[in-house]
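Everything below concerns the one structure shown next.
Ligands are counted one by one from 1 in listed order, and the atoms in each one are counted from 1 as well. Computed from a predicted model, the values in this text were never measured in an experiment.
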Amino acid sequence: MKFIAVHGGAGRRSDKSVRSKALDAVMKALDIGIETLKSGNALDAVIAAVVSMEDSPYLNAGIGSALNLIGEVEMDACVATEDSCGAVAGTTIARNPVLLAKRVMETDHLLIAGKGADMLAESYGMSVDSNEFFITERNRKRRKEAVKVLLGETEGIPEEKIKKRNEYIDRVYPKLRELIRHYSQYISFSDTVGAVAFDGEHLAAATSTGGVFLKLPGRVGDSPIFGAGTYVGNGIAISCSGIGEQIMKTTLAKNIANLYAFGLPIELAVKSAMLMASKEFENPSMGAIAVSHEGITIYHTSEAFVAGYAKLKGSEIVERKVSDVWR
Ligand code: GLY
């Protein structure tokens with residue numbers, strides 16, 4: 001048997017039209033992943049699926065990435081197999097961050113961040129001319145509205161610009177949970193995209209994200225952190241989604257793999273690790289997809305988790321499903 005699962009993000013349920021577009025994008029990515037898996041390997045399949053989701057303006061990765069506090073896009077991505085891993089963080093110009101992560105996998109390093117990631121993208125001819133390339137009109141509008149709400153209508157006195165910005169950060173960003181509680185309408189339905197696959201022999205995982213909406217510039221989330229948002233090892237491949245700070249703090253993906261290695265069935269390993277992690281937070285928002293030779297599990301403590309999976313016998317699809325709620 002061959003397995004593939006993809007996700008387009010854990011988060012809140014968005015309005016109907018965005019939701020259906022996100023589901024369509026995940027369906028398309030699943031189909032691309034399935035086609036690749038039929039004749040290719042797990043690594044090629046997860047990368048093809050994630051590239052397709054990075055290209056969708058309705059998902060938070062690549063084009064359509066969430067804007068940070070100053071209105072720019074900074075993207076994180078990771079690719080992993082049992083043998084190797086590559087990741088990028090805070091890239092502003094990589095056309096497809098997951099493909100750049102694959103390049104890092106081919107170096108002696110594991111994670112390249114910021115300026116270095118952008119330089120690597122440029123040197124491989126994998127960059128775009130401007131960060132604007134990733135910014136959608138919808139995201140620009142959302143950020144503008146959010147900033148207005150967060151700051152009120154206070155007119156800035158020019159010489160106090162820095163003071164104002166600091167006040168903004170103090171009031172809004174260090175308390176991510178507060179932000180989510182009070183301004184939940186601004187939190188995207190889709191957070192992060194990912195894919196995991198088993199090709200009958202090997203496992204692979206890939207995750208890509210624009211990160212958390214209104215994040216501080218330079219903030220890195222869980223997705224590129226091996227063991228937090230992405231992990232392959234102990235016979236299991238995992239890609240997580242949700243609030244990166246929660247996932248990093250609880251090393252979610254590695255904990256799932258540990259429980260699986262301990263002997264728990266894949267479903268129980270994912271569910272137990274996520275429920276244990278979620279207990280630590282007032283407003284937990286996490287999701288994960290996992291595959292092993294045993295099968296596939298999709299689970300979340302977030303309100304919604306747009307995801308899908310397929311099981312293949314040779315090149316015949318024996319089971320396939322896409323949904324935005326899995327519990
Ligand atoms: N889960 C994606 C992030 O928090 O950056």
- [ ] Please lay out, stage by stage, how Lys313 and Met1 fare under the test side chain to side chain contact (heavy atoms under 4.5 Å, CB included).
- [x] CA-CA 5 Å; Lys313 225 182 229 165; Met1 288 283 276; 3.9 Å; yes
- [ ] Verify the distance criterion only: is there a donor paired with an acceptor across the side chains of His7 and Ser239 at less than 3.5 Å?
- [x] yes
Open item on the list: Just by distance, no angles: are the side chains of Glu72 and Asn131 close enough, under 3.5 Å, to form a donor-acceptor pair?
Closed with: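 No.
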TODO: If you have a sec, work out which protein heavy atom is nearest atom 2 (C) of ligand 1 and how many Å separate them, to one decimal?
DONE: Thr192 OG1, 3.0 Å
Task: Closest protein heavy atom (residue, atom, distance) for atom 5 (O) of ligand 1 - done: Arg219 NH1, 2.6 Å
- [ ] Go through Tyr309 and Glu319 one step at a time and tell me if the side-chain hydrogen bond (donor to acceptor under 3.5 Å, both in side chains) criterion holds.
- [x] CA-CA 8 Å; Tyr309 72 85; Glu319 211 177 306; 2.6 Å; yes
Task: Ring geometry between Tyr231 and Phe226 (parallel below 30°, tilted from 30 to 60°, perpendicular above 60°) - done: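 If you compare the ring of Phe226 with that of Tyr231, the planes turn out tilted.
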Which of the ligand 1 atoms, numbered from 1, are nearer than 4.0 Å to a heavy atom of [X]:
X	result
Gly242	1 (N), 2 (C), 3 (C), 4 (O)
Val212	4 (O)
Asp222	1 (N), 2 (C), 3 (C), 4 (O), 5 (O)
Ser223	2 (C)
Gly221	5 (O)

Task: Min heavy-atom dist Gly229 to ligand 1 below 4.0 Å - done: no
Task: Partners passing side-chain contact (heavy atoms from CB on, under 4.5 Å) against Glu303 (at least two apart in sequence or in another chain) - done: Arg12, Arg13
TODO: Using distance alone, decide if ligand 1 has a nitrogen or oxygen within less than 3.5 Å of any nitrogen or oxygen in Gly244.
DONE: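 By distance alone, the answer is yes.
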Check residues 109-117 and write down every donor-acceptor pair under 3.5 Å in which the side-chain atom is one partner and the other belongs to a residue at least two apart or another chain.
none

